[in-house]
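Reviewing the structure listed below.
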2 protein chains.
Amino acid sequence: MTGMLKDKTRFVPPPKLPPPTPVVDLSDAEMRIAQDLLFFAYRDFTNVADQVLDELGLGRAHHRALHFIGRNPGITVSSLLAVLRITKQSLARVLNQLVDEGFVGQAPGFEDRRLRLLTLTDKGAALERRLFDAQRNRISKAYSGAGPLGVQGFHAVMRGIMDQGARDYMDGTGSAEDT
Amino acid sequence: MTGMLKDKTRFVPPPKLPPPTPVVDLSDAEMRIAQDLLFFAYRDFTNVADQVLDELGLGRAHHRALHFIGRNPGITVSSLLAVLRITKQSLARVLNQLVDEGFVGQAPGFEDRRLRLLTLTDKGAALERRLFDAQRNRISKAYSGAGPLGVQGFHAVMRGIMDQGARDYMDGTGSAEDT
DNA sequence: CGAAATGGGTCAGTATTGTTGACTTAAAAT
DNA sequence: ATTTTAAGTCAACAATACTGACCCATTTCG
């Protein structure tokens, strides 16, 4: 039904476009498409977890924390802060809630007892798993459709877009602080 | 200097991982990496525009509106709402500000005068251009590094992740309402 | 040892961006 | 003439982020 209004919702660009500064070799149009791709893919990817999160009264910030703690068991608070690039206060709210509700456990560091080493509890791991499964379907389908070579390209481009610190983090080199 | 603390910030996964439900052919590890890629690439991609936006007292929501109006000159308010997937009230704040400050112009529809057709003013186009240029560097470098085939793969995977409606929108078929 | 640095926690206040719900106006459509 | 539709608006609320200013315990360093 909504498909019938096509003509009302798309428009031919009026004589707006100024001479697009031809700086580099890659066309603007190509870059614009990349913007759209990032917006929609990220939007829909994150959205698939939201329903589960809503049920539990949690938000995306909680998911992010769960994800990075799950992937880096024993991570310190400051490392987590560096990876997420948010402030201590922002993380505190989310993290305290996760600890209070039994999703995240903590233990003092062995040599340095100032450290709070974070891990997922079984309950936390189960939740993270649930959230992950929802997103996995998306990725899985997309990967199948693109083939192994496509996935390689996806990796290369995404890595190219992120900061060097993030690449280092993903490679396991470099401290999380540089993320 | 920060690189010296490596041992403090990465941890070997304790015996946590439960038997990873082997539903599909694609490994969990691969999927986890995809999560990281999306998080970091999106984070850093959006961040590059923030400095410019801060100068002008604008936020990311304004950027998104500018982007989609720029790419669809004459778009209606309801189409823009559908693309952004936010509520009328959320958009109103952002859009009114953009109109007030002369970044966005409006004109009533020709046949249907209820419609508010949105376009970028010269000032708006200039700003959008500035924001775009910052992000273009990222994409441009990433694309060069990945090569044409890599870019193809990137496209395929990103399209696979997003909702069908978003794919339709990008293809120019389907109303923006289905986004 | 004593001072400084570090990891972490907390209080208070603010901004951005999103939400729901209810209601109005003007223009189309039936 | 009535009903739909596109859009705008008011009010209240929630999530997530931020800044700035502190405090405490532990570790490190001169």
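Chain identifiers are assigned alphabetically (A, B, ...) following the order of the sequence lines, protein sequences preceding nucleic acid strands; residue numbering begins at 1 within each chain.
The phosphate of dT17(C) has OP1 or OP2 within less than 4.0 Å of a side-chain N or O from H62(B). Not one side-chain nitrogen or oxygen of T87(A) sits closer than 4.0 Å to the OP1 or OP2 atom of dA17(D). R64(A) has a side-chain polar atom (N or O) that falls below the 4.0 Å cut-off from OP1 or OP2 of dA17(D). The phosphate of dG8(C) (OP1 or OP2) has a side-chain N or O of S78(A) nearer than 4.0 angstrom.
Looking at which nucleotide of DNA chain D each of F110(A) and L91(A) is closest to, the 5′-most match is held by L91(A). Between L95(A) and I86(B), the one whose closest nucleotide on DNA chain C sits nearer the 5' end is L95(A). Nearest-nucleotide positions on DNA chain C for K88(B) and R93(B) put R93(B) closer to the 5' end.
As rounded to whole Å, 8 Å separates atom P of dG18(C) from atom CG of L84(B). Put simply, NE2 on H63(A) is 17 Å from C1' on dA15(D), counting in whole angstrom units. The distance between atom CG of D50(A) and atom P of dT16(D), rounded to the nearest whole Å, is 10 Å. Note: CG (L115(A)) to C1' (dT6(C)) measures 10 Å, nearest angstrom. Atom CD in Q106(A) sits roughly 17 Å away from atom P in dG7(C) (whole-Å rounding). Per the geometry, CG belonging to D112(A) stands 10 Å off C1' belonging to dA25(D), to the nearest Å. Atom CG of D54(A) is separated from atom P of dG18(C) by 16 Å (rounded to the nearest Å). For L56(B) and dT16(C), the CG to P distance is 13 Å, given to the nearest whole Å.
Between the side chains of R167(B) and Q164(B), at least one donor-acceptor pair of N or O atoms lies under 3.5 Å. Side chains of N47(B) and R138(B): no donor on one and acceptor on the other come within 3.5 Å. When only modelled atom types and interatomic distance are considered, N72(A) and Y169(A) share a side-chain donor-acceptor pair under 3.5 Å.
Checked by distance alone, Q89(B) brings a side-chain donor or acceptor within 3.5 Å of a matching partner on the base of dG21(C). Side-chain atoms of R113(A) stay outside donor-acceptor range of the base of dT26(D), with no qualifying N/O pair under 3.5 Å. R114(B) contributes a side-chain N or O that forms a donor-acceptor pair with the base of dT5(D) under 3.5 Å.
The aromatic rings of Y42(A) and Y42(B) lie parallel to each other, their planes meeting at an angle below 30°, with 60° marking the opposite boundary.
The only member of Q135(A), R136(A), R64(A) that meets side-chain hydrogen bond (donor to acceptor under 3.5 Å, both in side chains) when paired with Q35(B) is Q135(A).
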